[in-house]
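From a predicted model like this one, the values you see are computed outputs, not experimental measurements. Hydrogens, waters and symmetry mates are skipped; everything else that's a heavy atom, side chains included, is used. Labels below follow one simple rule: chain letters A, B, ... track the order of the sequence lines, proteins then strands, and each chain is numbered from 1.
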2 protein chains.
Amino acid sequence: MTEPTESKPFAQSFDSLETLAETINEVLGCPVTIEDAGHRLLAYSAHDPQTDSARLATIVGRRVPENVIASLRRDGVIQRLADSLEPIRVPPIDEVGFSGRLAIAIRHKDAVLGYLWLLESGKTLGGRELELFKQAARAAADKMVRLQSAPRKIREGLRDFMWMLLHGQFGSEAAIRDKAEQIGLALPAEWHVVVVQAAGAIDEREEQRLLDRVAASRSVRTVLHAVDRAQAILLCAPLLAETDRRIYAREAAAFFRRLCRGEEDGFRATVGGSAFGQQYAETASRHREALTVLRMKRTYPRETETVFHYSDLGYYRFLPAIAAQIGGERFPDEALARLRAYDREHDANLLSTLETFLASDSNAKTAAEALHVHANTLSYRLKRIAEIGGIDLADMDQKVSLYLVLKAERWTGG
Amino acid sequence: MTEPTESKPFAQSFDSLETLAETINEVLGCPVTIEDAGHRLLAYSAHDPQTDSARLATIVGRRVPENVIASLRRDGVIQRLADSLEPIRVPPIDEVGFSGRLAIAIRHKDAVLGYLWLLESGKTLGGRELELFKQAARAAADKMVRLQSAPRKIREGLRDFMWMLLHGQFGSEAAIRDKAEQIGLALPAEWHVVVVQAAGAIDEREEQRLLDRVAASRSVRTVLHAVDRAQAILLCAPLLAETDRRIYAREAAAFFRRLCRGEEDGFRATVGGSAFGQQYAETASRHREALTVLRMKRTYPRETETVFHYSDLGYYRFLPAIAAQIGGERFPDEALARLRAYDREHDANLLSTLETFLASDSNAKTAAEALHVHANTLSYRLKRIAEIGGIDLADMDQKVSLYLVLKAERWTGG
DNA sequence: GGTGACTTTGTGCAATTTCACAAAGCACCC
DNA sequence: GGGTGCTTTGTGAAATTGCACAAAGTCACC
């Protein structure tokens, strides 16, 4: 009494790879994992009573751990899977917490699209079940091909949409909302632009890896994205719409900071985020903000170390305008000019002393340490600075004026 | 053997009042002074061996000293001069160093245009000489009438020129130089624009009084001037071209500050000066700078008390740009927003405390005094400010950011 | 090679600032 | 009317800072 659905459970079309994974799990009674060719997790059956640590790590990291892949490769498992059309029984590898699997390559026209793994918990599957397993792999291949081709068009539509937003090519906010609805994109109420600056040009694979990493953050969602040479431009929003903006901001900053430091899979980059926006018509402005953050981080690396969002920049965000204004002025700052002249003529360093002193919040001790000089040396220099520059170092207005000009000069590239 | 020129030495036309003064001196052998109706010095004979202190003071100050005028008026001398067509012998007034004169009013159609003074050094003039003196007064009247009408046209030309400069109506610097040459105006190499803001509209008489006061400064020269309702716009330069710019800047600032305080003849005004310029094509920019100084003085009266030149403004000159940028931003400063909310809800004054503290150069003692609170009160409030606002009050960058936003808010008019 | 101006470092005292703690005032709520 | 939390003021000890002075090093100039 084997009904057709019983005998051919994988002849149907599946909603998603997750549904397929669950179906396999139901039919064969084992935990299932579906990976792509790069061992990235595509889907897995949930609610499995037993799961070894390798599988757990794969699910948590959304990728098979590096050491597991290395072991499998060393043992020739990956090679055999690539060569064979049949399921292969992979023995346990205890060192990496891998308890043995039944595995098969997911193929389409000779190409390996991915892998289907089955954790035979206790039992051993027989001939008919192996046949079902092969059918499942074929179903996975079908689904993956369809997923790949359908989203490609959607993805291109999204990319175009992103570029249009970035170039401000929509007449109005309403036009943007219409277009989004048309391509079936739900626009979050609040979002920000994040620009990831890599060392070299970003290709599609690297872009995908970046997106995967962001997805793995479990807090940041990439709504739209585009790549411009070495920069990936992401329009991000909280994964959960109900997340408080401040909490999300902190999480996002923390995540991208980890990403920059290369803590996420060795990827090294510089990241700048815009302020938060509600109006999508302002995407170009937000993009510019993110780029400004990046440039700030290049110009003032030490000072902006902890900065991620544009709004974290504080007064630094005024420096471009200030530098522009100073550029248009004919008169140099008298005090700084005198100090500079003195430095030049006497090979001194009053200017850098002043800057460090100001940056140290006028704390003589801290500044002396930062300069690696004796406190009295600093005190002496400050006296000279006050004399030569005609500066009152106990006057906030004078200090702010000097500080801003010094900072702005660095922005200009003096 | 009296030749015509000997018998009628004042029948000729004189180049200037100075030439006339020298001629009178030659003919009558006495020091001569020519004044206008307001007792301003118009011309005097130079190289006089003896001169009393009243005359000396008149020449130096280019005006008869106030106390001398007062004495003469009290003694009825001015009145008698106004009434009489004949020369009057004025007795000495020792208290004011006035050693006695022969004097006559310079008249034209019943109006007194000025006065001609002769210091009879030792001798006493006889009938024929008195007649010559009367003729000299008539010659002076002729010259003054002609001088008055001729300069009126020139003056109008200068005024037009000034307005054209202020409105940037010249195509090039060369065009400006050409025009200046054409109207016979020597343009100083370095100059600045000064705007004097009076309480009410400035009429011609007040303008003239202002110009006289500037002339009396003995350091500032008004090259060009114009009036726009309550504002007099002066294009000023050092009286002596060789004066060092810095010294001149100090003198000009000191003079205009005195003027503002009403120390010069009770005239009360606000004054703003531009930075120094060399290019006359930039007059409009310089004018804008002077106006900016004026507005700054209105917005930040305490902070800009000692400011006169635009370049004295320090970072204040960046505030318009900063305020504009903040105005375009959607995100408020989080820390300040929280402090403001706390102030509102608890009727506290953390924000003003913060501002005073920052303005006091983070000096707790000074700030406490400025706020009229106990030092510990301030210390407590600062702790709360740090907590509530999430501010590190020992971080220069944070402090500058807060300070600038607070200042910019005042510029915007918050 | 000496001289003098400028700079750096070291030392120690006096003054000031900072901070913890206590007490008291005040508004608000139950 | 009393409790509670926030705020202000007062006190004194501890820590820090400011400053004068001395000594020594550096460099240019004669």
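In the model, B:Lys407 has no side-chain atom that pairs as donor or acceptor with a side-chain atom of B:Tyr300 under 3.5 Å. Side-chain contact of A:Arg381 with A:Thr353: a donor-acceptor pair under 3.5 Å is present, judged by distance alone. Defined by atom type and a distance below 3.5 Å, a donor-acceptor pair is missing between the side-chain atoms of A:Arg286 and A:Tyr310. In summary, the side chains of B:Tyr403 and A:Asp397 do present a donor paired with an acceptor at a separation below 3.5 Å, with no hydrogens or angles considered.
Atom-to-atom, CG of B:Leu371 to P of D:dT8 comes out at 10 Å; the value is rounded to the nearest Å. Rounded to whole Å, atom P of C:dC19 lies 10 Å from atom CG of B:Leu382. Rounded to whole Å, the distance from CD on A:Glu369 to C1' on D:dT17 is 14 Å. The distance from atom NE2 of B:His374 to atom C1' of C:dT18 is 13 Å, rounded to the nearest whole Å. As a whole-Å value, the separation of A:Ile388 CD1 from C:dT7 P is 7 Å. For the pair B:Tyr380 OH and C:dC19 C1', the interatomic distance rounds to 16 Å; values are reported in whole Å. In this structure, A:Glu345 places its CD atom 14 Å from P of D:dA28, rounding to the nearest Å. Rounding to whole angstrom units, NE2 of residue A:His346 and P of D:dT26 are separated by 18 Å.
When each of D:dT9, C:dT9, D:dT8 is scored by its nearest atom to the side-chain atoms of B:Arg381, the top-ranked nucleotide is D:dT8. Of the candidates D:dC6, C:dT9, D:dT8, the closest approach to any side-chain atom of B:Arg384 belongs to D:dC6. Listed nucleotides D:dG10, D:dC6, D:dT17 differ in distance to B:Tyr342; the shortest reach to its side chain belongs to D:dC6.
For A:Lys365 (side chain) and A:Ala375 (main-chain N/O), no donor-acceptor pair under 3.5 Å exists by modelled atom type.
Residue whose closest nucleotide on DNA chain D sits further toward the 5' end, between A:Lys365 and A:Lys383: A:Lys365.
No hydrogens or angles were tested; on distance alone, a donor-acceptor pair under 3.5 Å links the side chain of A:Asn376 to the base of C:dT11.
Within the 4.0 Å cut-off from OP1 or OP2 of C:dT7, not a single side-chain nitrogen or oxygen of A:Thr377 is found.
Within 4.0 Å (heavy atoms only), B:Ala364 reaches sugar-phosphate atoms of the nucleic acid but no base atom.
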